[in-house]
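Since the structure comes first, as structure tokens, the remarks are kept for the end.
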Amino acid sequence: MPLFSHRFTTASSTGPATPSYYSKPSKSHKHSSSASRVHVAIVLFSLVSLFIGLAGTIFAITSSGGPSSVYRCGGSKDTSRVFGSRKLGGNGGVLPERRKVIGLVGIQTGFDSGDRRAALRSTWFPSDPDALLRLEQATGLAFRFVIGRSKDEKKMAELEKEIKEHRDFVLLDDVEEDYLRLPYKTLAFFKAAFKLFEADYYVKADDDIYLRPDRLGTLLAKERLHSQTYIGCMKKGPVITNPKLKWYEKQGNLIGNEYFLHAYGPMYVLSAEIVASLASARNSSLRMFNNEDVTIGSWMLAMDVHHEDNRALCEPRCSPKSIAVWDIPKCSGLCNPESRLKELHNMEICSKSPTLPPDDLDQ
């Protein structure tokens with residue numbers, strides 16, 4: 001619907017005659033000419049009003065500050081942190097128009113990861129909103145840090161300062177940052193991402209990997225036969241049932257001795273149709289395992305998805321084909337990411353080598 005509209009009403013030649021013009025044929029031609037001038041004046045006034053209205057609309061659109069780059073999402077009481085006056089959810093609020101992109105990349109981060117974000121912004125992740133927009137225009141991909149909330153007022157205040165400076169976050173108000181609740185945060189991310197962006201693919205990535213955005217854009221731009229595609233470095237492995245070990249799975253008895261095929265957690269991709277299903281699902285209808293990657297994998301197992309195993313998303317070193325680099329299997333991400341990110345970025349093969357065409361990215 002337009003912001004405003006005008007109606008132009010004209011008399012019908014077949015309608016009933018109005019007394020002013022037709023019931024008294026004895027009126028002079030001068031009176032008829034005067035009425036015609038009144039009609040012309042009304043039409044001209046309407047046209048001027050339409051022009052002013054259209055000009056106002058164009059001004060409102062162009063002065064809204066460009067694309068939104070900071071959002072706060074939290075269920076039925078969503079609020080927003082966007083440029084301009086658009087609101088996300090809330091009573092009487094208006095959802096922002098869904099941005100159309102090839103892919104949205106949500107970099108999962110936390111309150112203790114400020115140094116990692118600083119390292120990322122000094123390497124492959126743009127450090128200011130204008131550069132972030134240029135990267136989106138060049139690759140077709142939008143990038144946002146994704147974070148929940150904290151009960152610590154000091155941490156929230158520090159985050160607010162970072163948001164004001166960089167404007168590159170999606171805030172999940174209904175999720176408290178907690179490692180044991182990563183599956184809940186991931187689901188909240190996909191729900192928020194689907195609400196905010198009309199993307200072909202939605203990417204979950206951790207804040208301790210080195211990424212080549214141009215190569216990722218090339219990978220996602222490929223045509224695929226499957227509308228429901230789950231892309232990542234696929235794995236299987238024994239189910240950890242010892243509570244003293246890091247990857248302990250409390251509900252291991254429901255799985256058995258070995259995990260089903262699923263992607264490593266530091267980075268994976270879901271197509272739009274999959275995310276649409278997750279966005280419409282009730283949280284209580286989905287089983288949550290201890291481990292986030294296992295949880296997502298279990299949902300994919302229940303859906304008719306195509307598993308696309310792509311090792312370019314988990315290479316241990318930079319190569320002509322690498323899309324994401326992290327220290328697999330030694331660390332879930334880069335070991336010592338604050339320093340390793342900068343080391344990798346200083347290597348020409350990591351940051352400056354040519355992007356290969358889509359066919360060369362096939363595994």
Side-chain angles (χ1 to χ4, degrees), residues 64-75 77-90 96 99 101 104-136 139 141-179 181-182 184-186 188-193 195-197 202-211 213 266-267 333-334 336-342 344-345:
S64 63
S68 305
S69 61
V70 182
Y71 305 91
R72 172 174 278 119
C73 313
K77 295 184 179 180
D78 292 343
T79 57
S80 68
R81 299 285 300 281
V82 299
F83 299 135
S85 60
R86 293 179 296 172
K87 299 295 182 183
L88 171 62
R99 295 272 301 287
V101 291
L104 169 66
V105 183
I107 307 297
Q108 311 298 306
T109 190
F111 286 92
D112 296 327
S113 297
D115 290 341
R116 290 186 185 183
R117 292 192 294 274
L120 283 170
R121 293 192 184 105
S122 69
T123 57
W124 65 265
F125 193 105
S127 60
D128 65 83
D130 290 337
L132 196 63
L133 181 59
R134 288 195 296 272
L135 180 63
E136 179 178 327
T139 62
L141 307 179
F143 295 84
R144 300 291 186 273
F145 286 110
V146 181
I147 194 168
R149 58 180 170 80
S150 173
K151 294 179 180 178
D152 189 320
E153 294 183 0
K154 183 179 179 181
K155 289 183 177 181
M156 289 301 296
E158 291 174 351
L159 179 63
E160 292 291 342
K161 292 180 181 179
E162 189 175 346
I163 288 171
K164 186 176 181 180
E165 179 180 358
H166 297 286
R167 307 180 222 172
D168 53 9
F169 281 84
V170 170
L171 306 179
L172 305 173
D173 270 346
D174 55 350
V175 176
E176 186 173 350
E177 281 293 330
D178 186 340
Y179 180 79
R181 294 186 61 81
L182 284 180
Y184 296 90
K185 177 181 177 180
T186 302
F189 158 64
F190 284 124
K191 286 177 178 285
K195 183 183 295 184
L196 297 167
F197 289 85
Y202 297 84
V203 183
K204 180 265 179 181
D206 288 345
D207 60 5
D208 55 356
I209 65 172
Y210 188 88
L211 183 65
M267 185 176 183
L334 289 171
N336 303 315
E338 294 84 357
S339 58
R340 286 280 288 141
L341 283 165
K342 297 176 182 179
L344 292 172
H345 196 66

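- The side-chain heavy atoms of Leu341 and Leu334, taken from C-beta on, include a pair separated by under 4.5 Å.
- Going from atom CG of Asp128 over to atom CZ of Arg121 covers 10.5 Å, rounded to the nearest 0.5 Å.
- Taking CG of Leu135 as the start and CG of Asp130 as the end, the distance is 12.5 Å to the nearest 0.5 Å.
- A donor-acceptor pair under 3.5 Å is absent between the side-chain atoms of Asn336 and the main chain of Ser339, judged by distance alone.
- The CG atom of Asp152 lies 9.5 Å from the CE atom of Met156; values are rounded to the nearest 0.5 Å.
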* Check against side chain to side chain contact (heavy atoms under 4.5 Å, CB included), Lys151 and Glu176 -> CA-CA 8 Å; Lys151 294 179 180 178; Glu176 186 173 350; 3.4 Å; yes
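- Taking a 6.0 Å sphere around CZ of Arg149, one finds it holds more than 12 heavy atoms contributed by other residues, nucleotides or ligands.
- Residue Ile147 forms a side-chain contact (heavy atoms from CB on, under 4.5 Å) with just one option from Val170, Leu172, Leu159, Ile107, and that option is Leu159.
- The CG atom of Leu104 lies 9.0 Å from the CD atom of Glu136; values are rounded to the nearest 0.5 Å.
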* To do: Tell me, with the steps shown, if Val203 and Leu141 meet side chain to side chain contact (heavy atoms under 4.5 Å, CB included).
  => CA-CA 10 Å; Val203 183; Leu141 307 179; over 6 Å; no
* To do: May I have the step-by-step check of side chain to side chain contact (heavy atoms under 4.5 Å, CB included) for Met267 and Leu211, ending in yes or no?
  => CA-CA 10 Å; Met267 185 176 183; Leu211 183 65; 3.6 Å; yes
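- A donor-acceptor distance shorter than 3.5 angstrom exists from the side chain of Glu177 to the backbone of Gly148, with no hydrogens or angles considered.
- One finds the CD1 atom of Ile209 at 8.5 Å from the CG atom of Leu120 (value rounded to the nearest 0.5 Å).
- Closest non-hydrogen pair, Val146 versus Gly106, comes out as CG2-CA, 3.7 Å.
- Checked by atom type and distance alone, the side chain of Tyr202 pairs as donor or acceptor with a backbone atom of Phe197 at under 3.5 Å.
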* **Phe190 vs Lys204, side chain to side chain contact (heavy atoms under 4.5 Å, CB included): CA-CA, chis, key distance, verdict** => CA-CA 9 Å; Phe190 284 124; Lys204 180 265 179 181; 4.2 Å; yes
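- In this structure, Phe143 and Phe125 have perpendicular ring planes: the angle between them is above 60°, well past the 30° mark.
- Atom CG in Asp207 sits 7.0 Å away from atom CZ in Phe145 (nearest 0.5 Å).
- Under the 3.5 Å distance criterion, the side-chain polar atoms of Asp206 are left unmatched by any main-chain donor or acceptor of Asp208.
- The side chain to side chain donor-acceptor pair (under 3.5 Å) test with Arg117 singles out one residue from Glu162, His166, Glu338, and that residue is Glu162.
- A salt bridge is defined here as a Lys NZ or Arg NE, NH1 or NH2 lying under 4.0 Å from an Asp or Glu carboxylate O, and Lys185 with Asp178 fails to meet this definition.
- Residues Ala205 and Val105 approach most closely at CB-CG1, 4.4 Å, considering heavy atoms.
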